[in-house]
Amino acid sequence: MTDAKAEPKVPEAREKKTPGSGRDADARELVTAKGTTSIADHVVAKIAGMAAREVGGVHSMGGGAARAFGAVRDRIPGATTSGTAARGVSVEVGEREAAADIDLVVEYGVSIPDLAAGVRRNVITAVERMTGLEVTEVNVTIDDIHLPGDEVDDGESEPRVK
């Protein structure tokens, strides 16, 4: 490591997790001499989605189309809601790393940079703790802002045309 610029872009924390480093590396590695652990993309997406929802100031998840589709799906009797946890989350999962894109609707008055930092921190912590994967990036997109008094139309209002 004499020339840091010639080395690949690997965070120091990941370098410390190499097998034999004496820092519980074997317990956290997904690819070992005894076998390989694969984690499906939707599992990581659910973890990231739940972690993002835990941050105060997040009103809902997903862009407009995802929220509309989810609202329709939620009204169908017998429809599963397992996708709700991952709504608004897109992930890429490799053997040792993961990256996430998260779409949010924020509450009015919340500092968006602070919220994005909090979501990023919470998602990275949860995914790395639960999966052992290194989270390389969490991209946060703010799709909308929830204003006081804005409520989802639940179909109980009077129709415009009779």
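- Distance CD1/Ile47 to CD1/Ile39: 7.0 Å, rounded to 0.5 Å.
- The closest donor-acceptor contact from the side chain of Arg53 to the backbone of Ala85 lies under 3.5 Å.
- Hydrophobic clustering (side-chain heavy atoms under 4.5 Å, transitive across Ile, Leu, Val, Met, Phe, Trp, Tyr) keeps Val89 apart from Met50.
- Distance check, rounded to the nearest 0.5 Å: CD1 of Ile124 to CD of Glu128 gives 6.5 Å.
- By the side-chain contact (heavy atoms from CB on, under 4.5 Å) test, Ser111 pairs with Pro113, Asp114, sequence neighbours left out.
- Qualifying side-chain contact (heavy atoms from CB on, under 4.5 Å) partners for Val110, counting only residues two or more places apart in sequence or in other chains: Glu107, Leu115.
- Here CG of Leu147 is found 10.0 Å from NE2 of His59. Values are rounded to the nearest 0.5 Å.
- Every side-chain contact (heavy atoms from CB on, under 4.5 Å) that Glu137 has, sequence neighbours left out, goes to Ala99, Asn139.
- Under the 4.5 Å side-chain criterion, counting only non-hydrogen atoms from C-beta, Met61 is in contact with Ile102.
- Taking 4.5 Å as the limit, some side-chain heavy atom of Val127 sits within range of a side-chain heavy atom of Val44.
- Interatomic distance, CZ of Arg96 versus OG1 of Thr131, reported as 13.5 Å (0.5 Å rounding).
- Every residue two or more places apart in sequence or in another chain that forms a side-chain hydrogen bond (donor to acceptor under 3.5 Å, both in side chains) with Asn122 is listed here: Glu54.
- Residues passing the side-chain contact (heavy atoms from CB on, under 4.5 Å) test with Ser38 are Thr36, sequence neighbours excluded.
- Taking CD1 of Ile142 as the reference point, atom CG of Asp103 lies at 9.0 Å (rounded to 0.5 Å).
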